[in-house]
Amino acid sequence: MWKAPFRLAVSLFFGCFWKIVLAMLPFALAECLLIAYLNYDVFNFDPETWDSWRSDSLISFLFTPFWTLAVLFVVRKKRQAQPVVVGEALRFIFSRTLPLLAALFMVNLLVGVGFLALVVPGIYLIAKYFLIAPVVAFGEFSLITDRERSGQLMAGRMVSTLIISAGIFVAWMATFLGIMFVVYLVFPYLSIWWEAVITAVFGIPYAFITVYSFAIYVTATESDDVEDEMSERRAI
């Protein structure tokens, strides 16, 4: 069950890689530069303070819907073999930003409570709500039904999705830290602004998880459509 969406995700990601870069990079740069400005000029370059951590988390949360929707728009157009039109993309992104922000807030809150309840419920909820972004992006918005829809589409896919996503995240994080370590060895006095740019650029491979969520969404919804059609034929 995991092979089809994974193959689709790989095909979509590399098939429109440069479009994903162009769609995601402006938002990623704005996020990283804003965080760098706050840490350097507002919090006196002390990123370990509570105020800095709180502002970093808030900014990342606020920017997530923008680049997530941008990536989802691009890969859906690729899937439909349609061109990406900037005006259409912007209308799609800004029409879905607030609904996705509200959904992510609710999901993160539930996941946080789940982790407080002995961790395992939090992991379960991460898997259950893995498709919340494409569900909100391409459906009618409802905080309750969207969460239920994500859970329905993830049925039978939770364990494989967690394993694959965790593996991708660990590989991405290890590579990122390794590259930053080498960069600071070569350029020990690297400007915080260049660090922000490198962080933004290296965030692009992380978009694969969003593409993977879209691939699961497409695979699951197409499967549901086939089953509905077969049920209708049997009823006739």
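Hydrophobic clustering of Ile, Leu, Val, Met, Phe, Trp and Tyr side chains at less than 4.5 Å, counting indirect connections, unites Trp194 with Val186. Linking Ile, Leu, Val, Met, Phe, Trp and Tyr residues whenever their side-chain heavy atoms come within less than 4.5 Å places Val182 and Leu190 in a single cluster. Cluster annotation: Met24 and Val85 are assigned to distinct hydrophobic clusters (Ile/Leu/Val/Met/Phe/Trp/Tyr, side-chain heavy-atom contacts under 4.5 Å, transitive). In terms of hydrophobic clustering, with Ile, Leu, Val, Met, Phe, Trp and Tyr side chains grouped at heavy-atom distances under 4.5 Å, Phe208 and Val170 are assigned to different clusters. Under a hydrophobic-cluster definition in which Ile, Leu, Val, Met, Phe, Trp and Tyr are linked whenever side-chain heavy atoms come within less than 4.5 Å, directly or via other members, Tyr206 and Leu177 are assigned to the same cluster.
Between the side chain of Ser150 and the backbone N or O of Leu131 there is at least one donor-acceptor pair closer than 3.5 Å. Judged by distance alone, the side chain of Ser11 and the main-chain N or O of Arg7 form no donor-acceptor pair under 3.5 Å. Without hydrogens or angle criteria, Ser95 side chain to Phe92 main chain gives a donor-acceptor distance under 3.5 Å. With Ser213 contributing its side chain and Thr210 its backbone, the two residues share a donor-acceptor pair below 3.5 Å. Although no hydrogens or angles enter the test, the distance criterion places no donor-acceptor pair under 3.5 Å between the side chain of Ser60 and the main chain of Ser57.
In this structure, the side chains of Arg147 and Met106 come closer than 4.5 Å at one or more pairs of heavy atoms. For the pair Thr199/Phe176, a side-chain contact is recorded, criterion being any heavy-atom separation below 4.5 Å from C-beta on. In this structure, Met180 and Glu195 have side chains that are in contact, with non-hydrogen atoms separated by less than 4.5 Å. Counting heavy atoms from C-beta outward, Ile209 and Phe130 have side chains that approach closer than 4.5 Å. Side-chain atoms of Val84 and Leu22, non-hydrogen and from C-beta on, never get closer than 4.5 Å to each other. You'll find the side chain of Arg157 stays beyond 4.5 Å of the side chain of Ile164, heavy atoms only. Within the 4.5 Å cutoff, the side chain of Leu8 has heavy atoms near those of the Arg79 side chain.
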Might you work through the side chain to side chain contact (heavy atoms under 4.5 Å, CB included) test for Ile59 and Leu38, ending with a clear yes or no?
CA-CA 10 Å; Ile59 292 167; Leu38 289 175; 3.1 Å; yes
Chi angles and distances behind the side chain to side chain contact (heavy atoms under 4.5 Å, CB included) call for Lys77, Glu88
CA-CA 11 Å; Lys77 288 298 183 181; Glu88 183 184 357; 2.9 Å; yes
Full working for side chain to side chain contact (heavy atoms under 4.5 Å, CB included) between Glu31 and Trp67
CA-CA 10 Å; Glu31 175 186 341; Trp67 66 260; 4.2 Å; yes
Phe14 and Val10: side chain to side chain contact (heavy atoms under 4.5 Å, CB included), yes or no, with the steps?
CA-CA 6 Å; Phe14 291 103; Val10 172; 3.8 Å; yes
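A tilted orientation is assigned to the rings of Tyr217 and Phe138, their planes being inclined by 30° to 60°.
Interatomic distance, CD1 of Ile132 versus CG of Asn108, reported as 10.5 Å (0.5 Å rounding). A distance of 9.0 Å separates CG in Leu125 from CZ in Phe115, rounded to the nearest 0.5 Å. We find the CH2-CZ distance between Trp172 and Phe202 to be 7.5 Å, quoted to the nearest 0.5 Å. Rounded to the nearest 0.5 Å, atoms CD1 (Ile123) and CG (Leu162) are 7.5 Å apart. Note that CG of Leu62 and CG of Leu101 are 6.0 Å apart. Values are rounded to the nearest 0.5 Å. Taking CD of Gln152 as the reference point, atom NZ of Lys128 lies at 9.5 Å (rounded to 0.5 Å).
For the pair Ala36 and Ile192, the tightest heavy-atom approach, listed with the atom from each and the gap, is O-CD1, 3.8 Å. When all heavy atoms of Val211 and Ala9 are compared, the pair lying nearest together is CG1-O, 3.6 Å. Minimum heavy-atom separation, Thr68 to Thr64: OG1-O, 2.7 Å. Listed here is the closest heavy atom pair of Tyr124 and Met158: CE1-SD, 3.7 Å. In this structure, Ile93 and Thr97 approach most closely via the heavy-atom pair O-OG1, 2.6 Å. Among all heavy-atom pairs drawn from Ala23 and Pro26, the shortest one is O-CD, 3.9 Å.
Counted within 6.0 Å of OH on Tyr184, heavy atoms from surrounding residues, nucleotides or ligands total more than 12; the atom is thus considered enclosed. More than 12 heavy atoms of other residues, nucleotides or ligands sit less than 6.0 Å from atom CZ of Phe61.
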